[in-house]
Novice: 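Just passing along the structure, written as structure tokens.
Numbering of ligands and ligand atoms starts at 1, following listing order.
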Amino acid sequence: MNSALIALEAQVCADLAKTAHPDAAWLTPKLGPDEKPALDVLIVGAGQSGLATAFGLLRSQVSNILVLDRSEEGQEGPWLTYARMHTLRSPKHFTGPDLDIPSLTYQSWHEARFGEEDWQSLDLISRELWAEYLLWFRRVLDLPVRNGCEVIEISPAAGGLLAAKIQTADGVDVVFARKIVLATGQEGMGDWTIPEPLRHLAPSLCVHAAQPIDFASLRGKRVAVIGAGASAFDNAATALERGAAEVHLLCRRVEIQVIQPYRWLTFRGFLRHFCDLDDTWRWRFMRTVLEMREGFPQATYDRCARHANFHLQEGAPIVAAREAARGVELQTPKGMFATDFVICGTGIDMSFAGRPELRNCAGNIATWADRYQPPPDERSPRLGRFPYLADDYALMERVAGETPWIADIHVFAIASTMSFGASGSSINAMTTAVPKLVHGLTRGLFRADIERHWASFRAYDVPQATVERKIRDQV
Ligand SMILES: Cc1cc2nc3c(=O)[nH]c(=O)nc-3n(C[C@H](O)[C@H](O)[C@H](O)COP(=O)(O)OP(=O)(O)OC[C@H]3O[C@@H](n4cnc5c(N)ncnc54)[C@H](O)[C@@H]3O)c2cc1C
């Protein structure tokens, strides 16, 4: 480790010590059915959201926590797995997991690692360095993370606790917790989608963009990419760079969408108070944002456009697809496209029942469609499937009383966006969204313990001063 990084780590410790107030412990572990102390909070997912949540909880003196991730260390999230862009799309100055501690920002880490000049000349952050920064963040804060642990079921347990069944290489284990945060990423409450007309195609011919793809095998092949968001362009570019003969990017819209709505909404008022709006406004904004989909940056487009064999096809939704003697034929209003391989960059869809960890409550999770009827011109069945979350990011029941325990399961992912706006889904919102989640968690823990706090207060008898009484005062 270089001396600047050693100095930065010392600075982190000093900054945290200076801002630790109030640092009194305030939680007493509850005993689980196994007679061992249950966790106060179990966080599922050690991507940036899970790590930042753990950090926020530790700063709130909630230290009896654990973060689990099914991936191996360093492989959490998209950065070194299915992300196919060279750099992050967000500007380099956006802060995130640091929760406003200057020494914990990406900038501080980058400057310590490569020097201030390098930071000044940097355009965008490489995804490899972002992944390395997240590992550093986790190490310097000594966050309690366990990798290779997949949460495969959540159920209610005695004493108002939750039981999380965990699959590890050694078998199945059970952990008890008062609260669980699902920081399980984009597909945390559903899955990546393949548009309906393509679903019958063999996986050797059609995949979604988050699947592993052997791009070397696409050399000399015709590739079709469905969708026109940033990930669609990243996959098209990767295919072109690996020698695909031609790449057609098929965009549903008559004209491709070039506005990035997340840029507009990146201001403190919106990020902080969107969740305080009524349903009408929340639906109106987020339906518009999510239907616009993620815009792509100029560099992402240029990475494709510099190849003569890249073709953008606008106004070309897939109407039908059939396997042909060689590859696939895609029918669109713009005509037929013959291709050898299809990559769908078409985002995610909510499907609670498809997630094993939600199987005991999937049918009773309230959705937006359960709670809000938009005007006819604002309807969207896809967005109606998003969970309708409580003000502490907790799941709510569709039918009250059937699964009351889900009020202790908090969702921090793209699934939270209909209720909270940008939150668990992008770096831009972390500085406001993570503290709000942590606030909700600590509020729940505090309220649930109110009898104990009252008893503790009533028993509190520590004198702050010694008062000497003189004989004449006592007359
Ligand atoms: C390709 C791509 C590029 C992006 N680029 C940007 C960008 O440039 N700027 C920006 O602001 N945002 C970007 N985003 C959006 C967002 O920042 C990322 O999705 C980010 O990874 C979200 O962090 P997260 O911690 O919520 O989820 P993730 O990073 O996905 O982490 C979730 C973790 O949960 C684990 N997990 C899931 N289920 C279980 C389970 N049952 N048990 C145990 N572990 C589980 C997974 O293994 C994973 O490691 C991008 C997203 C994608 C997909």
Novice: So which of Ser90, Pro78, Gly229 gets nearest to atom 10 (C) of ligand 1, if we judge by its closest heavy atom?
Specialist: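 Heavy atom nearest to atom 10 (C) of ligand 1 belongs to Ser90.
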Novice: Any side-chain donor paired with an acceptor under 3.5 Å for Ser108 and Thr105?
Specialist: yes
Novice: With a heavy-atom distance limit of 4.0 Å, tell me whether Cys149 approaches ligand 1 through its side chain, its backbone, both, or neither.
Specialist: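 Within the 4.0 Å criterion, Cys149 contacts ligand 1 through backbone atoms alone.
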Novice: Where is the nearest protein heavy atom to atom 24 (P) of ligand 1: which residue, which atom, and how far?
Specialist: Ser49 OG, 3.4 Å
Novice: Considering heavy atoms of the protein only, find what lies nearest to atom 41 (N) of ligand 1 and give residue, atom and distance to 0.1 Å.
Specialist: Val151 O, 3.1 Å
Novice: Is the closest heavy-atom distance from Ala183 to ligand 1 below 4.0 Å?
Specialist: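 Per 4.0 Å heavy-atom rule, Ala183 contacts ligand 1.
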Novice: Using a 4.0 Å cutoff against the non-hydrogen atoms of Gly45, which atoms of ligand 1 qualify?
Specialist: 33 (C), 34 (O), 35 (C)
Novice: Write out the residue and atom name of the closest protein heavy atom to atom 29 (O) of ligand 1, then the distance separating them to 0.1 Å.
Specialist: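 Closest protein heavy atom to atom 29 (O) of ligand 1: Gly77 CA, 3.2 Å.
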Novice: Looking only at heavy atoms of Phe94, does any of them come nearer than 4.0 Å to an atom of ligand 1?
Specialist: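 The answer is no, since Phe94 has no heavy atom less than 4.0 Å from ligand 1.
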Novice: Ring centres under 6.0 Å, that's the criterion: do Phe270 and Trp264 meet it?
Specialist: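 Ring centres of Trp264 and Phe270 closer than 6.0 Å.
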Novice: Show the numbers, then the answer: is there a side-chain contact (heavy atoms from CB on, under 4.5 Å) between Ile318 and Leu198?
Specialist: CA-CA 8 Å; Ile318 307 296; Leu198 299 163; 4.2 Å; yes
Novice: Identify which of Thr53, Ile427, Asp69 has a heavy atom lying nearest to atom 48 (C) of ligand 1.
Specialist: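 Result: the heavy atom closest to atom 48 (C) of ligand 1 is in Asp69.
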Novice: Kindly say whether the aromatic ring centers of Tyr82 and Trp192 come within a distance under 6.0 Å.
Specialist: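 Yes, the ring of Tyr82 comes within the 6.0 Å limit of the ring of Trp192, centre to centre.
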Novice: Can a side-chain donor-acceptor contact be found between His86 and Arg303 if the only test is distance below 3.5 angstrom?
Specialist: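 Judged by distance alone, the side chains do pair up.
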Novice: Can you confirm whether or not the ring centre of Phe420 sits under 6.0 Å from the ring centre of Tyr393?
Specialist: yes
Novice: Taking only heavy atoms of Ser71 into account, list the atoms of ligand 1 that are under 4.0 Å away from them.
Specialist: 47 (O), 49 (O)
Novice: Please state which protein non-hydrogen atom is closest to atom 6 (C) of ligand 1 and give its distance, to 0.1 Å?
Specialist: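 Result: Trp79 CH2, 3.8 Å.
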Novice: In the protein, what heavy atom is nearest to atom 12 (N) of ligand 1, and what distance, to one decimal place, separates them?
Specialist: Ser426 CA, 3.9 Å
Novice: Among all protein heavy atoms in this structure, tell me which lies nearest to atom 16 (C) of ligand 1, with the distance rounded to 0.1 Å.
Specialist: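 Nearest protein contact, heavy atoms only, for atom 16 (C) of ligand 1 is Ser425 O, 3.0 Å.
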Novice: Just to be sure I'm reading this right: ignoring hydrogens, which of Met430, Glu150, Gln48, Arg355 gets closest to atom 38 (N) of ligand 1? Compare them by their nearest heavy atoms.
Specialist: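 Comparing heavy atoms across Met430, Glu150, Gln48, Arg355, the nearest one to atom 38 (N) of ligand 1 lies in Arg355.
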Novice: Relative to Phe267, does Arg272 satisfy both conditions: NZ or CZ under 6.0 angstrom from the six-membered ring centre, and within 45 degrees of the ring's axis?
Specialist: no
Novice: Can you tell which of Glu357, Gln167, Arg89 gets a heavy atom nearest to atom 4 (C) of ligand 1?
Specialist: Arg89
Novice: Quick one: look up the protein heavy atom nearest atom 40 (C) of ligand 1 and list residue, atom name and how far away it is.
Specialist: Val44 CG1, 3.6 Å
Novice: Distance under 4.0 Å to a non-hydrogen atom of Leu88: what atoms of ligand 1 satisfy this?
Specialist: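 In order of numbering, the contacting atoms are 8 (O).
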Novice: Could you check whether any side-chain N or O of Thr431 sits under 3.5 Å from a backbone N or O of Asp100, counting only pairs where one atom can act as donor and the other as acceptor?
Specialist: no
Novice: Check for me whether Gly96 has a heavy atom closer than 4.0 Å to any atom of ligand 1.
Specialist: no
Novice: Looking only at atom types and distance, does a side-chain atom of Thr81 sit under 3.5 Å from a main-chain N or O of Gly77, one as donor and one as acceptor?
Specialist: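 Yes; at least one donor-acceptor contact below 3.5 Å.
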Novice: For side chain to side chain donor-acceptor pair (under 3.5 Å), just list the numbers for Ser90 and Asn428, CA-CA rounded to whole Å, side-chain angles, deciding distance to a tenth of an Å, and then say yes or no.
Specialist: CA-CA 8 Å; Ser90 29; Asn428 66 342; over 6 Å; no
Novice: Assert yes or no for the condition that the ring centre distance of Phe386 to Trp368 is strictly below 6.0 Å.
Specialist: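 Ring centroids of Phe386 and Trp368 are no less than 6.0 Å from each other.
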Novice: To the nearest 0.1 Å, how far is atom 31 (O) of ligand 1 from its closest protein heavy atom, and which atom is that?
Specialist: Gly47 CA, 3.6 Å
Novice: Looking only at heavy atoms, what is the nearest atom pair of Pro195 and Ile226, with distance?
Specialist: CG-CG2, 4.3 Å
Novice: Honestly, is Arg127 close enough over Trp130, meaning NZ or CZ under 6.0 Å from the six-membered ring centre and within 45° of the axis?
Specialist: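 No, a cation-pi geometry is absent between Arg127 and Trp130.
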Novice: Could a heavy atom of Arg84 be found less than 4.0 Å from some atom of ligand 1?
Specialist: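 Not so, Arg84 does not reach ligand 1.
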Novice: Determine, using heavy atoms of Met85 and all atoms of ligand 1, whether some pair is separated by less than 4.0 Å.
Specialist: yes
Novice: Report yes or no: does a heavy atom of Tyr262 sit under 4.0 Å from some atom of ligand 1?
Specialist: no
Novice: Counting only nitrogen or oxygen atoms and a 3.5 angstrom limit, does Asn428 reach ligand 1?
Specialist: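 For ligand 1, there is no N or O atom that lies under 3.5 Å from one belonging to Asn428.
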Novice: Any chance you could lay out the side chain to side chain donor-acceptor pair (under 3.5 Å) test for Tyr106 and Asp98, step after step, and finish with the verdict?
Specialist: CA-CA 8 Å; Tyr106 177 86; Asp98 50 272; over 6 Å; no
